[in-house]
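Read through the structure below, which is laid out as structure tokens, and then see the notes.
Note on naming: letters A, B, ... go to the chains in the order of the sequence lines (proteins, then strands), and numbering restarts at 1 for each one.
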Amino acid sequence: MKPIPSTFFCRPAEVVGPYLVGCRLVKRQPDGSLLWGVIVETEAYSQDDPACHGYRRRTPSNETLFGPPGRFYVYVSYGIHHCVNVVTDRDDWASGVLLRAAALPHEPERVAAGPGLLTRRFGLTRSDDTQPVTGEHDAWLAPRPASLNSPELVTTTRIGISQGKDLPLRWYLRSSRSVSRRSKGDRLPSLMQAWLPLAEVAG
DNA sequence: TTCACGATTCTA
DNA sequence: AGAATCGTGAAG
């Protein structure tokens with residue numbers, strides 16, 4: 001459960017994105033217990049990409065994305081949901097990795113299957129925006145357990161955007177049932193129930 | 001001040 | 001397939 005060091009995030013979003021699949025999102029609850037899940041799906045966004053929030057202008061709401069790497073960037077989507085990114089690369093360059101889905105032990109497999117559901121389950125809101133992901137805050141990221149090394153990654157296109165929709169900047173764990181939306185033709189073998197062992201093993 | 005549009009989710 | 005729902009950025 002030790003945090004990933006900040007240097008890990010000082011790389012392009014398209015490098016950090018796939019590495020983050022299999023890592024854990026951890027949050028310390030008010031009662032002191034730890035809530036955690038395995039990240040099973042991510043997407044990368046960079047300033048030179050029309051779909052990126054930092055593509056057009058630096059504003060108060062996307063300011064965090066332009067700031068130093070290793071922080072949470074939380075924004076409001078459709079006025080209803082929150083979505084969480086991890087800021088990557090370098091200062092003054094807007095880029096980040098969107099955390100799209102996670103698998104939680106002993107919980108319904110779809111409870112965090114989507115960026116809005118993930119933030120809902122972990123209780124992340126705009127008040128977590130700008131907070132470090134490296135352990136100084138009540139939420140942080142932990143490395144992928146050795147038992148989950150070299151996860152079978154699917155590389156595919158991003159979801160819910162109109163521009164840059166053909167770029168291969170989404171990654172997910174093929175064996176997970178907690179992925180928000182699978183790529184066309186990628187079916188999970190019916191007998192495989194990897195989501196539960198995944199959470200167990202990672203614990 | 002107004003208007004159109006989502007890095008979504010749920011329901012039919 | 002379509003609605004719900006409202007923060008945000010660009011236009012006026």
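- OP1 or OP2 of B:dT9 has not a single side-chain nitrogen or oxygen of A:His81 nearer than 4.0 Å.
- Using modelled atom types and a 3.5 Å distance limit, the side chains of A:Thr88 and A:Ser95 yield a donor-acceptor pair.
- Backbone-only contact: A:Ile161 has heavy atoms under 4.0 Å from sugar-phosphate atoms and none from a base.
- Base contact: A:Leu65 has a heavy atom under 4.0 Å from a base atom.
- Looking at heavy atoms from C-beta onward, A:Phe122 lies out of side-chain contact with A:Val84 at the 4.5 angstrom threshold.
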Exercise. Give DNA chain B the dot-bracket treatment, 5' to 3': Watson-Crick (N1-N3 with N6-O4 or O6-N4) or G-U (N1-O2, O6-N3) under 3.5 Å, [ ] crossing, | other strand.
Key: ||||||.||||.
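- For the salt bridge (charged side-chain N to carboxylate O under 4.0 Å, His left out) test with A:Glu41, the passing option among A:Arg170, A:Arg182, A:Arg177 is A:Arg170; the others fail.
- In this structure, A:Tyr75 places its OH atom 9 Å from C1' of B:dG6, rounding to the nearest Å.
- A:Cys23 has its side chain out of reach of A:Leu141: every pair of non-hydrogen atoms, C-beta onward, lies at least 4.5 Å apart.
- By the criterion of a centre-to-centre distance under 5.5 Å and near-parallel planes under 30°, the ring of A:Tyr78 forms a stack with the base of B:dG6.
- Residue contacts shown for A:Thr59 are limited to sugar-phosphate atoms, with no base heavy atom under 4.0 Å away.
- Between A:Arg110 atom CZ and B:dC10 atom P there is a gap of 10 Å when expressed in whole angstrom units.
- Annotation: cation-pi geometry not satisfied between A:Arg71 and A:Tyr73 (NZ/CZ under 6.0 angstrom from ring centroid, within 45° of ring axis).
- One can place CZ of A:Arg158 at 14 Å from P of B:dG6, the figure rounded to the nearest angstrom.
- Distances shorter than 4.0 Å separate some side-chain N or O of A:Ser61 from OP1 or OP2 on C:dG9.
- Rounded to whole angstrom, the span from the CG atom of A:Asn62 across to the P atom of C:dA10 amounts to 9 Å.
- Computed from coordinates, the A:Arg120 CZ to B:dC10 P distance equals 5 Å when rounded to whole Å.
- Put simply, CG on A:Asn85 is 11 Å from P on B:dA7, counting in whole angstrom units.
- For the residue pair A:Ser46/A:Asp48, the side-chain donor-acceptor check at 3.5 Å is not satisfied.
- Under a 4.0 Å N-O distance rule, the pair A:Arg158/A:Asp49 qualifies as a salt bridge.
- Atom P of nucleotide B:dC5 and atom CZ of A:Arg56 are separated by 13 Å, given to the nearest angstrom.
- One can place NE2 of A:His53 at 12 Å from P of C:dA10, the figure rounded to the nearest angstrom.
- The phosphate of C:dA10 (OP1 or OP2) has a side-chain N or O of A:Arg57 nearer than 4.0 angstrom.
- Of the side-chain N and O atoms in A:Arg100, one or more sit less than 4.0 angstrom from OP1 or OP2 of B:dT8.
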